[in-house]
Amino acid sequence: AAGGRAAAVGADLTTDEGVHALASTAMEQFGSLDVLVLNASGGMETGMEEGYALKLNRDAQINMLNAAVPLMPEGSRVVFVTSHQAHFVETVPTMPEYEPVAKSKRAGEDALRALLPSLAEKGISLVVVSGDMIEGTVTATLLDRSNPGAIEARRAEAGKLYSVEEFAAEVAKMVTADVETGHTEYVGGSDYFTKSAE
């Protein structure tokens, strides 16, 4: 409706085939890959293999980036989306049900940050967007199922939780924001800074 164009691709990021399907579709449909938003997340699903959270939240993120970098021109940007629960997991305790996912997301962030020098050599910047619990997401729903009342309790503690649409707008802003590579943009949950400092 806004005049844009999109292509939908069903792909499993934990497989090489899925990663390359996404990258090649971007080139076939649009001729370049200028922005890569790494927003895949999971690990609370039932029936998944052991180590699935790390496979998706760290390994798949790195594999997707490695497939994308050769297609990205100078001036491109990578945006990694995470949660405060993951970003601050080493200094602020999180719900036991979410801890393995949080630690795997933090491992993904750390692995991406380790690539900052090689990305800079290619003129590609990396920005991290960290948000509080987002209402309406699969993760928030699964957390609330395993720990009934978790979302309401977090909403009361934080004062407000962003909706999917509100958070998506914040992520989109960071695609062109004038910030240094390696910058972390915090969305909501300002009480995490106090907890982290304690």
Side-chain angles (χ1 to χ4, degrees), residues 6-43 49 51-92 99-131 134 139 167-187 192-193 196:
V9 183
D12 180 352
L13 284 185
T14 65
T15 68
D16 285 340
E17 298 81 19
V19 164
H20 291 291
L22 286 171
S24 63
T25 299
M27 292 305 290
E28 290 163 12
Q29 294 289 318
F30 306 105
S32 68
L33 182 55
D34 306 300
V35 176
L36 175 64
V37 178
L38 297 169
N39 190 37
S41 181
E49 66 193 87
Y52 176 74
L54 202 56
K55 184 177 181 180
L56 176 61
N57 297 326
R58 182 194 61 195
D59 303 344
Q61 310 300 307
I62 296 300
N63 292 340
M64 187 68 236
L65 179 61
N66 287 337
V69 162
L71 313 175
M72 299 179 81
E74 188 173 339
S76 296
R77 174 158 286 173
V78 178
V79 179
F80 177 66
V81 180
T82 190
S83 66
H84 292 344
Q85 291 80 9
H87 182 75
F88 291 106
V89 72
E90 301 302 330
T91 55
V92 180
E99 190 171 350
V101 176
K103 287 189 172 185
S104 69
K105 285 286 286 184
R106 183 64 217 202
E109 180 179 342
D110 292 342
L112 289 165
R113 286 186 183 281
L115 297 175
L116 279 168
S118 63
L119 290 173
E121 286 175 14
K122 295 174 173 51
I124 300 170
S125 60
L126 168 72
V127 174
V128 174
V129 179
S130 179
I134 308 300
T139 300
F167 187 62
E170 297 299 318
V171 171
K173 283 181 195 173
M174 296 316 297
V175 169
T176 57
D178 185 15
V179 295
E180 294 290 320
T181 189
H183 171 79
T184 302
E185 184 71 12
Y186 298 103
V187 180
Y192 269 88
F193 305 105
S196 184

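Between Val128 and His183, the closest side-chain pair of non-hydrogen atoms is not below 4.5 Å.
The two residues Pro117 and Ala114 make their nearest non-hydrogen contact at CD-O, 3.5 Å. The two residues Met174 and Val129 come nearest to each other via the heavy atoms CG-CG2, 3.6 Å. Residues Val19 and Leu13 come closest through the heavy atom pair CG2-O, 3.4 Å. Among all heavy-atom pairs drawn from Ala86 and Ala102, the shortest one is CB-O, 3.4 Å. When all heavy atoms of Leu33 and Ser76 are compared, the closest pair comes out as O-OG, 3.7 Å. Listed here is the closest heavy atom pair of Val9 and Thr25: CG2-CG2, 3.4 Å.
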Requested in this report: Just do the side-chain hydrogen bond (donor to acceptor under 3.5 Å, both in side chains) check on Arg77 and Ser125 with the steps written out, would you?
Outcome: CA-CA 5 Å; Arg77 174 158 286 173; Ser125 60; 2.9 Å; yes
Report task. Would you check, one step at a time, whether the test side chain to side chain contact (heavy atoms under 4.5 Å, CB included) holds for Val81 with Leu38? Result -> CA-CA 6 Å; Val81 180; Leu38 297 169; over 6 Å; no
Report task. Decide side-chain hydrogen bond (donor to acceptor under 3.5 Å, both in side chains) for Thr82 and His87; before the verdict, give the C-alpha distance in whole Å, the side-chain angles of both, and the deciding distance to 0.1 Å. Result -> CA-CA 7 Å; Thr82 190; His87 182 75; 6.0 Å; no
**Report entry** Criterion side chain to side chain contact (heavy atoms under 4.5 Å, CB included) on Phe80 and Val127, from CA distance to verdict
**Finding:** CA-CA 6 Å; Phe80 177 66; Val127 174; over 6 Å; no
Requested in this report: Determine, stepwise, if the pair Lys105 / Glu109 fulfils salt bridge (charged side-chain N to carboxylate O under 4.0 Å, His left out).
Outcome: CA-CA 6 Å; Lys105 285 286 286 184; Glu109 180 179 342; over 6 Å; no
**Report entry** side chain to side chain contact (heavy atoms under 4.5 Å, CB included) between Met72 and Val78, intermediate numbers included
**Finding:** CA-CA 10 Å; Met72 299 179 81; Val78 178; 4.0 Å; yes
**Report entry** Test side chain to side chain contact (heavy atoms under 4.5 Å, CB included) applied to Leu22 and Met64, step by step
**Finding:** CA-CA 9 Å; Leu22 286 171; Met64 187 68 236; 4.0 Å; yes
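Listed for the Arg106 side chain is no donor-acceptor partner under 3.5 Å among the backbone atoms of Val101. At least one donor-acceptor pair under 3.5 Å links the side chain of Ser118 to the backbone N or O of Leu115. Put simply, the side chain of Gln61 gets close to the backbone of Leu56: a donor and an acceptor are under 3.5 Å apart. Within the 3.5 Å criterion, the main-chain N or O of Tyr186 finds no donor-acceptor partner in the side chain of Ser130.
If you check the side chains of Thr184 and Arg113, you find a donor sitting under 3.5 Å from an acceptor.
Rounding to the nearest 0.5 Å places NZ of Lys55 at 10.0 Å from CG of Asn63. Thr181 OG1 to Ile124 CD1: the interatomic distance, rounded to the nearest 0.5 Å, is 9.5 Å. Atom CG of Leu119 sits about 8.5 Å away from atom CG of Leu112, to the nearest 0.5 Å. A distance of 3.5 Å separates OG in Ser104 from CG in Asn57, rounded to the nearest 0.5 Å.
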